[in-house]
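Report on the following structure.
Sequence positions, counted from 1, serve as the residue numbers for this chain. Computation of the quantities below employed the complete heavy-atom set of this structure, encompassing side-chain atoms and omitting hydrogens, waters and symmetry-equivalent molecules.
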Amino acid sequence: MRKEDTVKLISAEGFEFVIHKEAAMVSQTIRNMLTSPGGFAETEHGEVTFPEISTTILEKICQYFYWSLQYASGKETEFPIEPELTLELMMAANYLHT
């Protein structure tokens, strides 16, 4: 993976997830952060920090991005979500527009 093809997503605890830019673009919020004109730090460095999203939730979101890319064609499959993560995951998904 080339650096320009990746994005670093940083959780509230400082854990870093390096994922394909294509996967990150599943989120409209991240897409806007990375493609907005004006020299924003996220655009220049390819890093997005989420001070309100825990490592556990951000990891699940990254898994969802890849799942979404794989099954966007309409293939019937479910994305597994542990019940204890549901509320926090829904709040993060709402913020990320995913």
*Find out whether Phe50 and Ile57 are in side-chain contact, i.e. whether some heavy atom of one side chain is under 4.5 Å from a heavy atom of the other.*
no

*Flag the pair Ile10 / Phe15 as yes when at least one side-chain heavy-atom distance between them is below 4.5 Å, and no otherwise.*
no

*Run the numbers on Ile19 and Tyr66 for side chain to side chain contact (heavy atoms under 4.5 Å, CB included), then give the verdict.*
CA-CA 9 Å; Ile19 64 172; Tyr66 283 104; 3.4 Å; yes

*Could you pull out the closest heavy-atom pair between Cys62 and Leu9, with the gap in Å?*
SG-CD1, 3.8 Å

_With a 4.5 Å cut-off on side-chain heavy atoms, are Val7 and Phe17 touching?_
no

*Is Thr77 close to Trp67 at the side-chain level, that is, under 4.5 Å between some pair of heavy atoms?*
yes

*asked:* Donor-acceptor pair, distance only, cut-off 3.5 Å: does the side chain of Ser27 make one with the backbone of Ala24?
replied: no

*asked:* Using 0.5 Å steps for rounding, measure from the OG1 atom of Thr56 to the CG atom of Leu85.
replied: 7.0 Å

_Spacing of CD belonging to Glu16 relative to NZ belonging to Lys8, to within rounding of 0.5 Å_ = 4.0 Å

*asked:* Test your reading of the model: is there a side-chain donor-acceptor pair from Ser68 to the backbone of Tyr64, 3.5 Å cut-off?
replied: no

*Would you check if Glu22 and Leu69 make a side-chain contact, meaning some heavy-atom pair closer than 4.5 Å?*
yes

*Please say whether more than 12 non-hydrogen atoms of neighbouring residues, nucleotides or ligands are located less than 6.0 Å from CD in Gln28.*
yes

*Going by heavy atoms in the side chains, are Thr6 and Lys21 under 4.5 Å from each other?*
no

_To the closest 0.5 Å, what do you measure between CD (Glu84) and CG (Leu89)?_
11.0 Å

_Can you confirm whether or not the ring centre of Phe65 sits under 6.0 Å from the ring centre of His20?_
no

_Atom pair CG (Leu96) and CD1 (Ile30), whose distance is rounded to the nearest 0.5 Å_ = 5.0 Å

*Sort and list the pairs that fulfil side chain to side chain donor-acceptor pair (under 3.5 Å) and have at least one residue in residues 87-97, not counting sequence neighbours.*
Ser54-Glu88

*Please name the pair of heavy atoms, one in Leu34 and one in Gly46, separated by the smallest distance, quoted to 0.1 Å.*
CD2-CA, 4.3 Å

_Distance, nearest 0.5 Å, that separates CD of Glu59 from CD1 of Ile53_ = 13.5 Å

*How is the hydrophobic cluster of Met91 composed, in terms of its other members, when Ile, Leu, Val, Met, Phe, Trp and Tyr link through side-chain heavy atoms under 4.5 Å apart, directly or indirectly?*
Leu87

*Return the minimal non-hydrogen interatomic distance between Thr55 and Ser11, and the atom names on each side.*
OG1-OG, 2.7 Å

*Crowded around Glu13 CD? As in, over 12 foreign heavy atoms under 6.0 Å?*
yes

